[in-house]
Amino acid sequence: MKSITWFNRSGRLVVAACLPFVFHACSSGEANTTNVKAVDSTGVNTKDSSVTKETAATKIPTTLDTALYNRKLAEMANGDSSGRWPVKGPYPLPGAILPFKRVVAYYGNLYSKQMGILGEYPPDEMLAKLAADVKKWEAADPSTPVQPALHYIAVTAQGSPGRDGKYRLRMPFNQIDSILGMAARINALVFLDVQVGFSNVQAEIPLLEKYLKMPHVHLGIDPEFSMKTGKRPGAVIGTMDASDINFVTDYLANLTKANNLPPKMLVVHRFTQNMVTNYKNIKLHPEVQIIIDMDGWGEPSLKHDSYKAYVWKEPIQFAGYKLFYKNDIRKPGSHMLTPEEVLAEKPKPVYIQYQ
């Protein structure tokens, strides 16, 4: 396990080191509106997000094919004989995306080219790259349709406390509207990611409710930047408990029922043991599909070891896998895993994120 500890703590903290770009740009604790205008040029009227809502929305099925659901779960387990996978739980509501499709998402923030590919390239180039990656996954597993997505960091952890001392920055809604506009161009889903800093999910998640009411908008939470010990983000790796995750899933389940929505997906990032505590207490809902996203970087053997230690060993519901265009190839002779290599994991990830 020594190699896993090195990979997660030394490796991942380098990723956190990219955040000072955002800290510097937004050191006052408020968004720089000049930057917003510069990056908010998608050709979409961001003042009216209902346009993108209707464009991306699809008719919600009224029934669930339980036989197909069971078959896809068995395929996802990929021959695992431990009894851990597939996870037993309630059937989802009709309209569930998983495990019928595989989601392939681009991750990032529009303020920073260092935080992920979503903010690194102009929209046209970024969307073209995503389309190319979608085709690779379709070719690697023709039996599972691929759904593109944009995974946007809507609340970013900060290196300075800001005006309220919470070490986090909420992105302006017109930036989120920009992401909705980009997604509408390729009929993609949208994930809004939250790094709470010294705040908490109870305070941050409800502020995104108008977007989470949209059927194609889903959620991500990042325990790495949940700083319960009082250390600033980036100084140590944070943590979330099952109680935090249960608040979020309860919230999403209630929102889904109240608004007659298809199930919401919730991505929970993880690359250390302590990032998610008391996992056996996490509740499953028909209205929510939980994905544990293996969020560490490094050469293939290290990624495999972390996936086995933190996803396979502690099953919650569905599995995700993050691929890093730059950090996965830092070590000489290393390479970023191909779709075929990722699909050899047990279980097969149904959510893929590129940073």
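Fair warning: this is a prediction, and the values are worked out from it, not measured in the lab. For the numbers below, each heavy atom of this structure counts, side chains included, while hydrogens, waters and symmetry mates do not.
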Less than 6.0 angstrom separating the ring centers of Y279 and Y310, yes or no?
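Ring centres of Y310 and Y279 not closer than 6.0 Å.
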
Note to self: Under 6.0 Å between ring centres: does that hold for F191 and Y107?
What the structure shows: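 No, the ring of F191 stays outside the 6.0 Å limit from the ring of Y107, centre to centre.
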
Closest contact, heavy atoms only, [X] versus [Y]:
X	Y	result
A105	Y351	CB-OH, 3.7 Å
D293	G320	OD1-C, 3.4 Å
P263	Q289	CB-CG, 4.4 Å
A157	P233	CB-CB, 3.8 Å
P123	R185	CB-NH1, 3.9 Å

Worksheet item: Which residues satisfy the ring-ring contact (aromatic ring centres under 6.0 Å, His included) test with Y321, sequence neighbours excluded?
Response: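 Here the qualifying residues are Y307.
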
With rounding to the nearest 0.5 angstrom, report the [atom1] to [atom2] distance, [X] to [Y].
X	Y	atom1	atom2	result
I237	N274	CD1	CG	9.5 Å
H335	D328	NE2	CG	9.0 Å
K264	T249	NZ	OG1	14.5 Å
Q317	I291	CD	CD1	8.5 Å
F225	M240	CZ	CE	11.0 Å
H269	H151	NE2	NE2	4.0 Å

request  = Give me the ring orientation class for Y325 and Y106: parallel if the planes are under 30° apart, tilted from 30 to 60°, perpendicular past 60°.
outcome  =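 The arrangement is perpendicular - the two ring planes meet at more than 60°.
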
Donor on one side chain, acceptor on other, [X] and [Y], under 3.5 Å:
X	Y	result
W85	N78	no
Q195	T156	no
S226	E224	no
T144	D141	yes

Is there a path from [X] to [Y] through hydrophobic residues (I, L, V, M, F, W, Y) whose side chains come within less than 4.5 Å of each other?
X	Y	result
I290	I97	yes
L261	L189	no
Y91	L68	yes
L169	V201	yes

Is the shortest heavy-atom distance from the side chain of [X] to the side chain of [Y] under 4.5 Å?
X	Y	value
L64	L93	no
L130	I117	no
M275	T239	no
F318	P99	yes
V342	P349	yes
P90	H285	no
M126	L150	yes
Y167	P161	yes

(Q) Working note: V276 + V268, criterion side chain to side chain contact (heavy atoms under 4.5 Å, CB included); need CA distance, chi angles, decisive distance, verdict. (A) CA-CA 9 Å; V276 176; V268 182; 4.1 Å; yes

Does the structure place the NZ or CZ of K129 under 6.0 Å from the centre of the six-membered ring of Y121, at an angle of no more than 45° from the ring's axis?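 Satisfied, under 6.0 Å and within 45°.
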
Is the Lys NZ or Arg CZ of K72 less than 6.0 Å from the centre of F100's six-membered ring, within 45° of the axis?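 No; the conditions do not both hold, so K72 does not lie above the ring face of F100.
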
Passes side chain to side chain contact (heavy atoms under 4.5 Å, CB included), K322 versus M294? Steps please. CA-CA 6 Å; K322 184 178 248 187; M294 200 290 289; over 6 Å; no

Fill in: Test side chain to side chain contact (heavy atoms under 4.5 Å, CB included) applied to H218 and L266, step by step
CA-CA 7 Å; H218 302 269; L266 172 66; over 6 Å; no

- Task: Under the ring pair (Phe, Tyr, Trp, His ring centres under 6.0 Å) rule, what do Y211 and F173 come out as? Steps first, then yes or no, please.
- Result: CA-CA 9 Å; Y211 293 107; F173 282 172; 5.2 Å; yes

- Any donor and acceptor pair, going by atom type alone, linking the side chain of R84 with main-chain N or O of K313 inside 3.5 Å?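 Yes, because the side chain of R84 sits within donor-acceptor range (under 3.5 Å) of the backbone of K313.
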
> Within the side chain of N109, is there an N or O that forms a donor-acceptor pair under 3.5 Å with the backbone of I153?
Replying inline: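 Yes, N109 side chain to I153 backbone: donor-acceptor pair under 3.5 Å.
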
Ionic contact status for [Y] with [X], cut-off 4.0 Å:
X	Y	result
K303	E299	no
R270	D295	no
E138	R102	no
K308	E345	no

### Task
Just jot down the side chain to side chain donor-acceptor pair (under 3.5 Å) partners of E287, sequence neighbours excluded, or say none.
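Residues passing side chain to side chain donor-acceptor pair (under 3.5 Å) with E287: none at all.
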
How would you list, by chain and number, every residue that makes a salt bridge (Lys or Arg N to Asp or Glu O under 4.0 Å) with K326, sequence neighbours excluded?
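For K326 the salt bridge (Lys or Arg N to Asp or Glu O under 4.0 Å) partners, ignoring immediate neighbours, are E120.
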
Apply the test salt bridge (charged side-chain N to carboxylate O under 4.0 Å, His left out) to residues K280 and E314: give CA-CA distance (whole Å), side-chain angles for both, the deciding distance (0.1 Å), then the verdict. CA-CA 8 Å; K280 290 184 178 181; E314 296 192 354; over 6 Å; no

Is there a side chain to side chain contact (heavy atoms under 4.5 Å, CB included) between L255 and E209 once you walk through the steps?
CA-CA 8 Å; L255 190 72; E209 182 168 308; 3.6 Å; yes

**Report entry** NZ (K228) with more than 12 external heavy atoms under 6.0 Å
**Finding:**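 More than 12 heavy atoms, drawn from other residues, nucleotides or ligands, come within 6.0 Å of this atom.
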
